[in-house]
Number of protein chains: 2
Amino acid sequence: MIPRQQVEKRVAEFLETCRRQGVKATHQRTEILRELAGSEEHPDAETILARVRKRIPAISVDTIYRTLRLLEDRGVIARVGSMRDRARFDANTDRHHHFVCTECEMIGDFCSDAMDRIPVPLEVSEMGSVEGVYVELRGICRKCKQKAMKTKGPT
Amino acid sequence: MIPRQQVEKRVAEFLETCRRQGVKATHQRTEILRELAGSEEHPDAETILARVRKRIPAISVDTIYRTLRLLEDRGVIARVGSMRDRARFDANTDRHHHFVCTECEMIGDFCSDAMDRIPVPLEVSEMGSVEGVYVELRGICRKCKQKAMKTKGPT
DNA sequence: AACTCCTTTCGTAATAATTACTATTTAGGA
DNA sequence: TCCTAAATAGTAATTATTACGAAAGGAGTT
C-alpha cells in the first residue's frame, strides 16, 4: 500500500506545477493524479476512469486521456509497459525501472544503481543526444509460474 | 545497407524454424521476413505491407499482422519502439539495443556490453524470472537537432 | 454580484491500428 | 497426384485513443 502522505505529496507537487505553468488545477485533474499516485499496479486509462468515476461520476473519457497526456507532457507521470495494446501509467517520478510479466502483464518497480550508472555508448552519441532511458525486464512473475506448475504438474 | 547474404541467412533460419515447428513456410511469410530483414529502419506494419505488395500485390492486411505476430512469437523478429501509436519491427536477432528520436521517431541500433552485463537485482528475482531485457535510449537525433537550429536560430 | 475571457469539461462522434471472420486457396505429406 | 489441415484474401469488426462543439467553470475586474 502506498502511504497517503506520499500520494498527497505528489498531488501537492502537481498543484505547484500548475501554478508555475499557468495550467488550471481542476478537480478532475487532481483526482486522476490522486488515483494514479495511490496505485501500485500501473493502471491503464480505462481502469483509472472506472475508479475516478466513483468519486466524479460524470467524468468523461476525453478528460481522462487528455489529462493523462497533460500529466505526461509535464513530467508528472510516465507511460510504462511498452507496446502492449493499452498504455499503462506510473505516477512515481523517482528514478526506477520495471519488471513486466509477459503472461499476466503485471508490472513491478525496482531500482538499480548499476543501470542508472551505465555510460551512453559513443555509437549512440553520434546518433543524437540522449535525454532519457527506458529499461524493462521481461519475464514470468511468481504467480504465473505457480499457476503453470499446477496446470502442467511440477517438473 | 544490409548485405543480401545476411538477409538470406535470416530467411534460411526462418525456413528451418518452420520445418522444426511444423509451421508452413509460405511465400507470404518468407517475403514479409525478407523485407523486414532487409530494412534498417525498423518499419511499421503499414510500411511493410506497402513494400511487400510490390512483389505480392494481393497480400492482405490480415496476413501482414498475422505473420508479424507469428514471427514475433517464434522469436524470429522483435517489436521495438515502445508505446507509440504504431508498432515497429526488427528482424535483427543479434543482441542489441535501440536509440529512439522522440521527435521524428527514427530508431537506431547500438550494442553495449556494459548493458548486457548488468546483473538482475535481487528485488526483481523475487518478483519472477527474467527472460529478456528491453533497453531504449530516448532523445533527439542529429537531423532533428539541426532542423531545430535552423528554425530557432543557433544558440 | 455581474460581466468577461479563456480554459476545461462533457458527451459523443471520429480516427487509426489491429484483430476477427468466412469462403477459398495452398503447402506438404501420403 | 491427391488429401487435409493450415494459411490467405477481402472485408468487417473491435478497441484504444483522439477530436469536436456546446456548455460549464474559474479568475480577475468593475
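Each chain gets a letter, A, B and so on, in the order the sequences are listed, and its residues count up from 1.
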B/S/- along nucleotides 6-13 of chain C (protein heavy atoms under 4.0 Å) is -SSBBB--
For the pair made of [atom1] in [X] and [atom2] in [N], what is the distance, rounded to whole Å?
X	N	atom1	atom2	result
Glu105(B)	dA17(C)	CD	C1'	14 Å
Leu49(A)	dT18(D)	CG	P	14 Å
Arg86(B)	dT18(C)	CZ	C1'	12 Å
Asp85(B)	dT18(D)	CG	C1'	11 Å
Arg69(B)	dT8(D)	CZ	P	12 Å
Glu72(B)	dT19(C)	CD	C1'	14 Å
Asp44(A)	dA16(D)	CG	P	8 Å
Ile48(A)	dA16(D)	CD1	C1'	14 Å

With no hydrogens and no angle check, just 3.5 Å: does a side-chain donor-acceptor pair link Arg10(A) and Thr93(A)? yes
For the residue pair His98(B) and His42(B), categorise the inter-ring angle as parallel (less than 30°), tilted (30 to 60°) or perpendicular (more than 60°). perpendicular
Is Glu131(A) paired with Arg138(B) through a side-chain N to carboxylate O contact shorter than 4.0 Å? no
Check this for me: does any side-chain nitrogen of one of Glu16(A) and Arg20(A) sit under 4.0 Å from a carboxylate oxygen of the other? yes
Exactly one of Asn92(B), Ile32(B), Leu36(B) clears side chain to side chain contact (heavy atoms under 4.5 Å, CB included) with Ile77(B), and that residue is Leu36(B)
For dT18(D), does OP1 or OP2 lie under 4.0 Å from any side-chain N or O of Tyr65(A)? no
Does a side-chain heavy-atom distance below 4.5 Å link Phe99(B) with Val130(A)? yes
